[in-house]
Amino acid sequence: MTVFKCYMKITKKNIGMILMYFAIFAVISTVMFYVSSGDNGNSQFKSSKLAAGIVDNDKSGVSEKLAEYLSKLHDTDMLENDIDVLQEKMYYYKYDIIIQIPEGFSEKFLSGDARVSVTQKPGSYSYMYVESQINDFINRIIKYNIAGYTMEESFEKVQDVKESKVTLVDVNGNGGEMPGFAFLFQYFPYTSIAILGNVLGLIVYSFRKREVKNRIAASAVSLRRQSVEAFLAFIVIGVIIWAAFLALVFIMKGKELLNNANMFYYILNSFTVMALSLSIAFFTGILAKKPDMVNMIITPVSLFMSFLGGVFVPLNILNGTVRKAARFIPVYWYEDVNNKLSEYAEIPADVIKEIWGGIGIQVLYILMFIALTLAVSRYQVQEK
Amino acid sequence: MVKVENLVKRYGNFVALDHLELKINEGEVFGLLGPNGSGKTTAISCMLALLKYDKGNIEIFGEKIKPGSYNIKRQIGIVPQNVAVFEELSVIENIDYFCGLYIRSKAERKKLVNEAIGFTGLEKYTKMRPKQLSGGLLRRLNIACGIVHKPRLVIMDEPTVAVDPQSRNKILEGIQELNKNGSTIIYTSHYMEEVEQICTRIAIIDGGRCIANGTKEELKSMIKTGETITVENVFISEKQLSEIKEIQNVFELQYEDNVLVLRCTSAKHNLIRLMNYLQDNDISFGRVFSELPTLNDVFLEITGKKLRD
């Protein structure tokens with residue numbers, strides 16, 4: 001296993017570079033995860049509750065019923081009317097909104113003149129939503145009251161209606177949330193192509209140097225054995241990098257991934273992109289005429305594929321033409337599969353077909369890179 | 001041990017090897033001497049089955065060599081013209097890797113690697129990478145990688161190219177020691193001094209053909225030149241030149257930039273006869289020296305061109 005061990009030794013020598021790329025990967029994916037999980041308008045629609053503080057200055061039965069009603073719609077806390085405390089809570093974003101029920105609220109209630117004061121954090125429009133809920137509450141009580149219901153009965157009726165609130169139609173089964181680990185999978189192609197391309201491309205180049213190649217060819221190790229050992233080393237190094245990536249995913253979001261019904265497809269898709277990276281590394285090693293050329297090829301290729309393929313920029317924000325062009329990039333199909341997996345908690349049959357199609361296209365790209373490598377290699381031999 | 005018969009190798013219309021014939025016996029340091037492009041490296045590549053040839057036959061250890069002749073290849077070590085090592089591995093890792101292509105046992109390999117390091121004097125540099133080594137040390141590493149498995153036959157293709165004189169001497173001494181330890185060596189070079197110094201038998205090749213073959217004494221006896229006399233700072237007229245040419249045993253004369261070069265056949269008193277003529281004709285002169293024929297003279301006389309042309 002001399003050739004195999006040589007691959008391993010050279011890879012080990014590049015451990016610094018591998019760790020550097022993994023660190024970049026971990027930082028980028030973590031940062032992007034937190035940025036994307038914020039309310040940036042790109043997330044899918046989902047039902048939401050506000051953190052609301054309620055100050056009851058009226059302390060009446062009506063104001064208590066209103067507070068009770070609001071507690072069913074939002075996460076509420078009853079607060080004292082201390083302006084300093086309230087300002088501090090708002091300043092530190094403890095609450096999205098503070099609702100103050102004024103003194104005399106119950107007296108003005110039935111006449112329809114009762115108003116509450118709503119304070120919210122800057123840049124938020126949630127108060128409109130809450131105000132509308134409070135107005136709805138007041139109007140309904142008044143209507144029931146006019147119809148002859150007692151105050152107590154009117155409250156019960158309103159509570160009943162509100163409890164059967166509208167629920168979100170969860171088409172994809174994921175509650176509108178993208179799984180956190182999806183971001184880690186999203187950035188894997190860049191790491192995989194950069195690491196495997198640089199390390200293995202360099203090794204392929206080293207073994208291809210004419211004198212080294214001749215020296216090995218003149219040795220007692222058969223060409224077939226050399227090829228088998230080199231292939232095995234390629235696979236093992238690829239799998240190690242892939243396994244290290246999966247380990248990182250499990251460390252960061254392991255529970256979530258294990259509970260995800262699409263785990264198998266995520267893992268399979270990432271394995272395919274790892275194999276794609278190996279084929280690119282092989283091709284680069286054959287093309288390079290100097291050791292520095294490996295990095296000169298891999299860096300722009302990995303960045304180009306990542307930007308256009310949807311690694312750094314989500315596919316859904318690429319414009320139509322760019323997206324059409326991106327379909328010629330293998331990483332696009334990886335990201336397309338990845339997006340489908342994160343959109344659905346349980347994948348419908350027709351989407352499963354599309355997922356297999358995406359993985360199949362990546363496999364075709366792998367075969368294309370291998371065929372190109374063999375063709376270039378043959379041409380180089382003939383040229384010599 | 002090695003028999004090359006009627007070997008022909010063509011690259012399109014260019015004939016790299018033209019019916020080359022060689023026979024190398026066990027225990028020899030066999031020199032393959034020829035100018036650049038004469039076919040030395042091509043001949044070696046054919047011997048190692050790295051190149052297909054158009055015609056002829058090559059036998060090593062009594063068997064025809066083919067790309068799959070691993071039992072033969074196991075007993076051959078190769079030191080290529082350019083340094084063939086991995087830049088990413090250290091000195092010791094490189095030697096161990098190339099040893100591993102022949103020897104599977106880790107313990108045996110360790111012993112052989114240490115011996116090769118000692119033999120090439122690389123003890124202080126084992127942890128260094130090739131980039132950190134000087135040209136001479138790199139050449140020694142190249143040799144260590146080729147001989148580490150103690151092959152019966154070592155093929156060295158111009159191992160001293162671009163090496164300083166000190167390292168060159170060290171390498172040449174090492175080759176002689178290797179031969180004493182039982183290895184047969186094929187040594188290609190275009191440096192005739194090296195070949196003369198270490199080779200027991202020499203084949204001179206030019207244009208892909210073996211033009212002369214034998215010990216250095218045999219080769220030198222093949223040519224007319226027995227002595228070359230050079231006289232510096234001498235002023236001679238045309239008439240005197242004609243007279244010098246008539247001196248006994250002189251068969252060729254050159255006079256350029258006040259330097260007179262005479263080629264004489266092998267005989268006694270050639271120098272004395274010339275000195276007498278110069279004295280009798282009251283001709284003043286500077287340094288005078290006489291040289292026995294070199295392999296360069298052999299090459300020059302056979303091919304009509306200098307070895308390094």
Side-chain angles (χ1 to χ4, degrees), chain A residues 1-18 195 198-230 233 237 281 285 288-295 378 380-384, chain B residues 11-12 41-42 44-52 60 65-90 92-94 96-104 106 109 129-131 138 142-143 145-146 148-149 151 153-155 157-158:
Chain A
M1 297 293 275
T2 313
V3 174
F4 177 83
K5 280 181 190 165
C6 187
Y7 267 76
M8 291 303 175
K9 260 186 195 162
I10 298 178
T11 305
K12 213 171 146 189
K13 300 261 171 187
N14 286 297
I15 196 78
M17 183 177 69
I18 294 171
I195 291 177
N198 276 311
V199 175
L200 289 174
L202 206 61
I203 301 177
V204 170
Y205 166 80
S206 299
F207 270 86
R208 246 188 66 237
K209 275 193 292 185
R210 196 176 151 210
E211 302 286 346
V212 171
K213 198 176 162 186
N214 280 349
R215 191 169 225 169
I216 298 171
S219 76
V221 177
S222 72
L223 192 66
R224 191 189 154 152
R225 193 179 163 150
Q226 288 172 40
S227 307
V228 169
E229 284 186 29
I237 293 165
K289 289 188 173 163
K290 285 179 184 173
D292 296 345
M293 262 184 84
V294 172
N295 188 262
R378 203 182 168 88
Q380 286 172 342
V381 169
Q382 281 172 351
E383 199 180 32
K384 273 175 196 166
Chain B
Y11 293 105
T41 303
T42 306
I44 281 175
S45 298
C46 291
M47 283 182 211
L48 292 166
L50 297 174
L51 270 182
K52 282 183 186 169
I60 298 180
I65 187 149
K66 297 172 197 162
S69 305
Y70 298 112
N71 279 335
I72 298 177
K73 288 182 172 182
R74 203 178 295 282
Q75 302 172 69
I76 302 176
I78 172 175
V79 179
Q81 195 169 358
N82 296 321
V83 177
V85 294
F86 290 98
E87 294 293 333
E88 299 81 2
L89 300 181
S90 67
I92 194 164
E93 285 168 337
N94 264 299
D96 183 57
Y97 170 73
F98 288 105
C99 188
L101 295 173
Y102 301 88
I103 310 288
R104 284 194 186 176
K106 204 174 173 182
R109 219 164 57 222
R129 288 204 188 182
K131 266 185 188 169
L138 258 181
N142 200 30
I143 292 171
C145 293
V148 60
H149 58 291
L153 173 66
V154 182
I155 299 177
D157 191 6
E158 309 209 22

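- The residue among B/Cys145, B/Gly77, B/Cys99, B/Gly68 with the most heavy atom pairs within less than 4.5 Å of chain A is B/Cys145.
- Applying the ring-ring contact (aromatic ring centres under 6.0 Å, His included) test to pairs two or more places apart or on separate chains, none has a residue in residues 209-229 of chain A.
- Most heavy-atom pairs under 4.5 Å with chain A, from the set B/Leu50, B/Ile78, B/Ile76: that is B/Leu50.
- Heavy atoms of A/Ile216 lying under 4.5 Å from chain B belong to its backbone as well as its side chain.
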Please list every donor-acceptor pair closer than 3.5 Å that links chain A with chain B, giving the two atom names and the distance for each.
residue: A/Thr2; atom: OG1; partner: B/Gly100; partner atom: O; Å: 2.9
residue: A/Lys13; atom: NZ; partner: B/Glu93; partner atom: OE1; Å: 2.7
residue: A/Lys13; atom: NZ; partner: B/Glu93; partner atom: OE2; Å: 3.3
residue: A/Ser206; atom: OG; partner: B/Glu88; partner atom: OE1; Å: 3.3
residue: A/Ser206; atom: OG; partner: B/Glu88; partner atom: OE2; Å: 2.9
residue: A/Lys209; atom: NZ; partner: B/Val85; partner atom: O; Å: 3.3
residue: A/Glu211; atom: OE2; partner: B/Asn82; partner atom: ND2; Å: 3.1
residue: A/Arg215; atom: NE; partner: B/Ile78; partner atom: O; Å: 3.4
residue: A/Arg215; atom: NH1; partner: B/Ala84; partner atom: O; Å: 2.9
residue: A/Arg215; atom: NH1; partner: B/Asn142; partner atom: OD1; Å: 2.8
residue: A/Arg215; atom: NH2; partner: B/Ile78; partner atom: O; Å: 3.1
residue: A/Arg215; atom: NH2; partner: B/Asn142; partner atom: O; Å: 2.5
residue: A/Ala217; atom: O; partner: B/Lys73; partner atom: NZ; Å: 2.9
residue: A/Leu223; atom: N; partner: B/Tyr70; partner atom: OH; Å: 3.4

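- Between B/Leu89 and A/Ile10, the shortest heavy-atom distance links the atoms CD2-CG1, 3.8 Å.
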